Peer 1: 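To start, I am sharing the structure in question, which I have written as structure tokens.
In this text the structure is predicted, and so the values were computed from the model without any measurement. In listed order, ligands and their atoms are each counted from 1.
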Amino acid sequence: MTSPGRSSPQPAAGRGAPLAQRRLTPVFVILIGAFGCAADAPAERRTPDALTPQGSGARIVFDEMVWHAAFGGLIFALVVGLLLTILWRKRRPVPIPDDAEARGIRWIWAGGIVLPIGVLTVIFSQSLASLASLEQLAEPDTLEVEIIGHRWWWEIHYPDEGIVTANELRIPAGEPVRLTLTSHDVIHAFWVPELHPKLDLLPGRSNEVWVESDRPGTYRGICAEYCGLQHARMQFLAVVMDTEDFDEWAQSRAEPPSPPTTAHERRGQDLFMNNCAMCHAIDGTLATGTVGPDLSDLAGRLSLAAGIYPNNTGNLSGWVSDPQGMKPGALMPSTDLDGDELQALLAYLEILR
Ligand code: CUA
């Protein structure tokens, strides 16, 4: 950005500028600032954006939306045009024609029955075509991911790869991935606006949605169905990777994390087994709890508390000691560890990758 220098007078929204310009300039500055920040922010802070689709499913939904807006706008213009014509004619007294009643009835047929049926038929056909396009993403022998909604986090399984993780969906770019969705408790909805249409997770049944992303990138996903106190903070990250990077990740993630190597880490593991293992699982250990997220790759995840906080030592420490302070209503209870114990537990958690 250039700043207006004294020697180079520029048209600015200063005292000389017209009133409307002076009033609007701060609005533009705020808008540009907001969009600029949004574009530069890390993925976990960026506002999900369905208007810039980055994958086939989202593009079909976007095209459908544009089509509906354009067609709806056309019908709106037609109706308003007719209304204005009638109002204009009413201003001038016109002789009532002999067949006025028959004409009126024709208008009722045309505007009240034929037009709505025509419009709804066109919209319905277009929506069916979009649904059919979404189905065409389906491909056999592709990656399958099962997602289970919990209050308020996402359990994520890769059944063929033997991977269980949470709150971070990793998929390869450029190939369709089949997501099977269900819920452990109440109705949630899984949505990465840049990638695919939203779909509900229902207790006791499975829904299916296909995701295909054009290129690698990280997108923020959200729960799109009100599900209780922390609904707004039931988020996740969708990490789209190059195929080789994804294969590498899947291979390394399928292995249990390395065991602790120092006395400090081993003490942390013992503390974990005594305090946390009834709710959380870690591959290769006796911890097999299923109440909370599987923590086998905790240190490799980008966020904590279902996409809410960046995953770093400070936030992890805060989360372990006072989860209710960081996410009120979360089912995780506070732990009663002293400073040394907390440090040991954190040292152990930070080798889980
Ligand atoms: Cu889960 Cu809203």
Side-chain angles (χ1 to χ4, degrees), residues 38 41-51 53 55 57-58 61 65 134 144-159 163-171 177-211 213 218-240 279-281 289-295 297-298 301-311 315 319 322-333:
E44 62 271 25
R45 302 202 169 269
R46 226 175 288 148
T47 307
D49 181 8
L51 301 183
V61 174
M65 187 194 70
L134 286 171
E144 287 194 35
V145 186
E146 293 169 5
I147 296 173
I148 304 167
H150 293 256
R151 280 178 302 166
W152 289 279
W153 59 280
W154 309 89
E155 182 179 342
I156 300 178
H157 292 249
Y158 297 74
I163 297 172
V164 184
T165 183
N167 304 324
E168 205 166 283
L169 173 70
R170 288 183 181 257
I171 56 171
V177 176
R178 186 161 75 118
L179 305 184
T180 309
L181 311 173
T182 187
S183 171
H184 174 75
D185 36 51
V186 298
I187 299 176
H188 306 273
F190 188 86
W191 194 27
V192 187
E194 281 93 340
L195 297 186
H196 65 91
K198 76 175 85 150
L199 196 66
D200 281 357
L201 297 86
L202 305 170
R205 66 165 285 176
S206 287
N207 278 337
E208 215 173 69
V209 66
W210 288 83
V211 178
S213 175
T218 302
Y219 307 99
R220 190 145 71 97
I222 51 178
C223 177
E225 179 81 40
Y226 181 71
C227 56
L229 186 59
Q230 288 295 344
H231 155 71
R233 294 172 124 201
M234 180 171 172
Q235 304 187 5
F236 59 97
L237 291 174
V239 183
V240 183
C279 292
H280 296 281
T290 54
V291 179
D294 186 303
L295 299 181
D297 61 346
L298 176 68
R301 291 183 201 155
L302 299 170
S303 70
L304 293 174
I308 301 306
Y309 298 102
N311 186 5
N315 284 334
W319 178 248
D322 183 21
Q324 297 304 315
M326 292 178 78
K327 193 168 176 178
L331 296 185
M332 173 148 155

Peer 1: Using only N, O or S atoms, tell me which atom of His188 is closest to atom 1 (Cu) of ligand 1.
Peer 2: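 Atom name returned: ND1.
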Peer 1: Within rounding of 10°, what is the angle whose vertex is atom 2 (Cu) of ligand 1 and whose arms end at SG of Cys223 and SG of Cys227?
Peer 2: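 It is 120°, given to the nearest 10°.
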Peer 1: Does the ring center of Phe236 lie less than 6.0 Å from the ring center of Trp153?
Peer 2: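 Centroid separation for Phe236 and Trp153: 6.0 Å or greater.
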Peer 1: Which residue, Arg233, Met326, Met234, forms the side chain to side chain contact (heavy atoms under 4.5 Å, CB included) with Ile308?
Peer 2: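 Among Arg233, Met326, Met234, the one meeting side chain to side chain contact (heavy atoms under 4.5 Å, CB included) with Ile308 is Arg233.
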Peer 1: For His231, what is the atom name of its N, O or S atom nearest to atom 2 (Cu) of ligand 1?
Peer 2: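 Looking only at N, O and S atoms of His231, the one nearest atom 2 (Cu) of ligand 1 is named ND1.
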Peer 1: Between Met234 and atom 1 (Cu) of ligand 1, is there a contact where an N/O/S atom of the residue lies under 2.8 Å from the metal?
Peer 2: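 So Met234 counts as coordinating atom 1 (Cu) of ligand 1, yes.
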Peer 1: Which is the closest N/O/S atom of Glu225 when seen from atom 2 (Cu) of ligand 1?
Peer 2: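 Minimum-distance N/O/S atom of Glu225 relative to atom 2 (Cu) of ligand 1 is O.
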Peer 1: Between Leu201 and Asn207, is the side-chain contact (heavy atoms from CB on, under 4.5 Å) condition met? List the steps.
Peer 2: CA-CA 7 Å; Leu201 297 86; Asn207 278 337; over 6 Å; no
Peer 1: Using a strict 4.0 Å threshold on nitrogen-to-oxygen distance, state whether Arg178 and Glu144 make a salt bridge.
Peer 2: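 Judged by the 4.0 Å cut-off on N to carboxylate O distance, Arg178 and Glu144 do form a salt bridge.
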Peer 1: Name the orientation class of the two ring planes belonging to Phe190 and Trp154 (parallel below 30°, tilted from 30 to 60°, perpendicular beyond 60°).
Peer 2: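 Geometry flag for Trp154 against Phe190: perpendicular rings.
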